[in-house]
Amino acid sequence: MTSPKKKENHPLLKITGLHIEGQSDDAWIPIVKGVDLTLDRGQVLGLIGESGAGKSTIGLAAMGYAQPGCRITAGEIWFDGVDLRELRRRERRSFRGVRIAYVAQSAAASFNPAHKLIDQFSEIPVEHGVHSRADAEADAIDLFTRLQMPSPETIGYRYPHQVSGGQLQRAMTAMALSCRPDLIIFDEPTTALDVTTQIEVLATIRDIVEQFNTAAIYITHDLAVVAQMADKIIVLRYGEIVEAANTRIMLSDPREDYTKSLWAVRSFKKTAAAPEPEPVPLCKVEHVTAAYGDEPVLHDISFEIHKGHTVAVVGESGSGKSTAARVITGLLPPLKGQVLYKGDPLPPDYRHRTKDQLRQVQMIYQMADTALNPRQHIRDIIGRPLAFYLGMRGAKKEARIRELLDLIELEPDAFIGRLPGELSGGQKQRICIARALAAEPEFIICDEVTSALDQLVAEGILRLLDRLQQELSLAFMFITHDLATVKAIADEVIVMLQGEIVEQGSKISIFSPPHPEYTELLLSSVPEMDPDWLDKTLEERKHLSIKSADQ
Amino acid sequence: MGTILKLIAKRLATGLVVLWLVSLIIFSGLEFLPGDLAQEILGQSATPESLAAFRKELGLDQPMHTRYLKWLGGVFHGDFGKSLSNQRQISELIGVRFANTMFLASLAAIIAVPIALTLGILAALYRNTFFDRLINVLTLSSISFPEFFIAYILIYLFSVKINFFPSLANISPDTPLWDRVYICLLPAMTLTLVVVAHMMRLTRASIINLLASPYIEMAKLKGLKKARIILYHALPNALAPIINVVVLNLAYLIVGVVIVEVVFVYPGLGQLIVDSVQKRDMPVVQACSLIFAATYVLLNLTADILSIITNPRMLYPK
């Protein structure tokens, strides 16, 4: 290879005029349209934007890598004085894992289920000939200790499925460090984690970056997270840079409208106060205990949901939120206790419920993608409950479908004949809402309905749900792990932990101190836009010595 | 380990039920065939009296359920009875032939499985290239022809044209091993051509499917070599479906050799079952069918156990 001249004082990473295209059917469409960025040693750059903005694609391009179906068409990627694009495949490979490492969004999916953690860790140094296997293993234990993983001596000898999500994410960070790279790409490393786990992983990552003077590109859609991690931030949209600035300047004084709109999303508030509760609750869960097989999931939980109210159920994964919904809908008959609807007990198994009982409780799911049959047109998806529950047909059904589409703010003529695959994520979720509304229920269970959506889109969904509640006096059971959403829309809040209700009450009482210990932990773990938030919180925790559920 | 033992016990129990059902179906199925052994041996010109006397001697005059229960009782004691046509003990009759069939099947498996896996992995590695398409076309054409056709083509090429292999695979218990391999090579090649496509295509599909997973992308971003990504990261996770299709094809090699054995006049179980059906020698047909069914049950059980052993998620619970 013709070695490019090494300039002194060059930045660690310098990308200029980067263009990347992605294959869609037969055409190549631009994904990244001329991005420039520079990164010095030890610096952390935050890449932020909504899905489809090209953040991950740029992150991968910094390793000289394009995903299958993508190609880098123009631009230079200078890493430590070498243009990665000019290298042969083998030379480029020698950089990966050794000098530039990658931490993926879902550690659970990115660790190979067939091999022990230590084998996957040692692979990089051993295969690249940096360390011997024995040295690599010793180093792994050292790194696991520094990353404060429990039982660092032995945890590496477990398989990925035997380790919790937060620990896996740390193990992946350790793996990225195995050759002490100059640059690590963190691609949404905490998005799949619970907030109480997220704060620990964030702290770990920041420590590591400081300890090893590693530069990092931190990709996220969460502004509050990037505010903690990055020295400078680049806001991306449609594959172009909207704005780039140092973190504090960007936070205090965003210039572009788009940046401002991102900053403003978290300001949404429910429009009206909840109506006075009626004497008989719409839905009442009484002393319910439930289990999957032999594994107990819910322990004696009771709560009420009133007409026109929004009850948010919050908790970490595995706390039993979705299981409670499954008990109400009759998908999982409880071992003990019962569910009352307007004072009358519902049969525990949905198969024994009448059509009318089924009609009254509807569900909206997290993944609109999988909740809609990809082969059915929107007309059939919304028309099905109309025919099934209300016996509508022909012109009457068609008219009602159009009415429902109007209600969810989608133009009927444009959407009625489409397939789900032709819709965006937010539009799909709207169709799911229309399908739930078609049954004319008074009670809708929303299971993480905004979690898979970008903030701006999620806010649109929340506004829609709020408006529908006002117009149709619907009751919502809103399952979420996102406390910002809870603050925005809840009337009452239920906090769950390991199948039990830790605290329940009105939103105001839940969010004002004093809190039970777990609620305190949960609330204080939600990142704030203040760049000093992480330091402050960690400092406070040191004094209180609170530990997360993950440890 | 407890789960595996429990699974084995459960599957063996259901296997017994399957075998019992198979025996019932075969028994009643053969009942409906026109003619019987007496007719077959004495010929069309036999008098009704001599037929009746011969049937009585063979025990064929008793009603169907009596014969079935008697036979079933014998099987539980490990006694398959005697062949009606030549009065030899069936267990001894079958023993040698079963060994022959197993030998042929094993030889075919030893050739077919490595070829299929290697081709599958290579096709996955170089997918959508000329090599991939060539492999696909070749294996698909070989599976599309009937076995006897392939057998005759091979005989034509290797026995008639270049006189390299014998066209008849005639072996006896005292044929030395190397000669056996040589004699059986042509039938084994026929079987290989029949089963390779299935195994190769599933191996290719399983691996390609896995190449889209995040941990494969991770492996690429760790800067690993392509061969290591396929062999160390993709293959172990593709093992479960591959094992299943391999085992299913092994079962086919043992059970499905009938036609190939007939073409090559190979003294195996398939040849025996065809002869016995022609002679209406029901105890022999029964015994052979049971052996075939048992082979299927046992091989499928093996596949399930291997799938568990190769999957850490099932082997080491949380």
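This structure is a prediction, so every number in the text was calculated from the model and none was measured. Quick note on labels: first sequence line is chain A, next is B, and so on, each numbered from 1.
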Q) Any idea which of B:Leu221, B:Leu239, B:Thr310, B:Leu224 has the most non-hydrogen atom pairs under 4.5 angstrom with chain A? A)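 That would be B:Leu221.
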
[atom1] of [X]: more than 12 outside heavy atoms within 6.0 angstrom?
X        : atom1 : answer
A:Trp28  : CH2   : yes
B:Tyr126 : OH    : no
A:Tyr157 : OH    : yes
B:Phe130 : CZ    : no

Q) Could you walk me through whether A:Met172 and B:Met218 pass the side chain to side chain contact (heavy atoms under 4.5 Å, CB included) check? A) CA-CA 10 Å; A:Met172 177 154 285; B:Met218 191 69 215; 4.1 Å; yes

Q | Closest non-hydrogen atom pair between A:Ser110 and B:Tyr215, with its separation | A |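 Heavy atoms only, the tightest pair is O-CB, 3.4 Å.
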
Q.
Heavy-atom pairs under 4.5 Å with chain B - which of A:Pro68, A:Ala109, A:Gly97 has more of them than the others?
A.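 Top count of heavy-atom pairs under 4.5 Å with chain B: A:Ala109.
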
Region of [X] that comes under 4.5 Å of a non-hydrogen atom in chain B:
X        : result
A:Ala101 : neither
A:Pro113 : both
A:Leu60  : side chain
A:Tyr102 : both
A:Gln105 : neither

**Q.** From B:Lys222, B:Lys220, B:Lys225, residue fulfilling side chain to side chain contact (heavy atoms under 4.5 Å, CB included) relative to A:Arg93
**A.**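 Passing option: B:Lys225.
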
Q: Mind checking the CD1-CG spacing from B:Ile229 to A:Asn112? Nearest 0.5 Å is all I need.
A: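 The CG atom of A:Asn112 is 11.0 Å from CD1 of B:Ile229, to the nearest 0.5 Å.
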
Q. Using the ring of each side chain (for Trp, its six-membered ring), is A:His115 parallel, tilted or perpendicular to B:Tyr232, with breaks at 30° and 60°?
A.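 The arrangement is parallel - the two ring planes meet at less than 30°.
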
Q) For B:Arg228 and A:Glu123, what are the C-alpha separation, side-chain angles and deciding distance, and is it a salt bridge (charged side-chain N to carboxylate O under 4.0 Å, His left out)? A) CA-CA 10 Å; B:Arg228 185 171 172 90; A:Glu123 196 177 25; 2.8 Å; yes

Q | B:Glu217-A:Tyr65 side chain donor-acceptor pair, cut-off 3.5 Å | A |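 Judged by distance alone, the side chains do pair up.
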
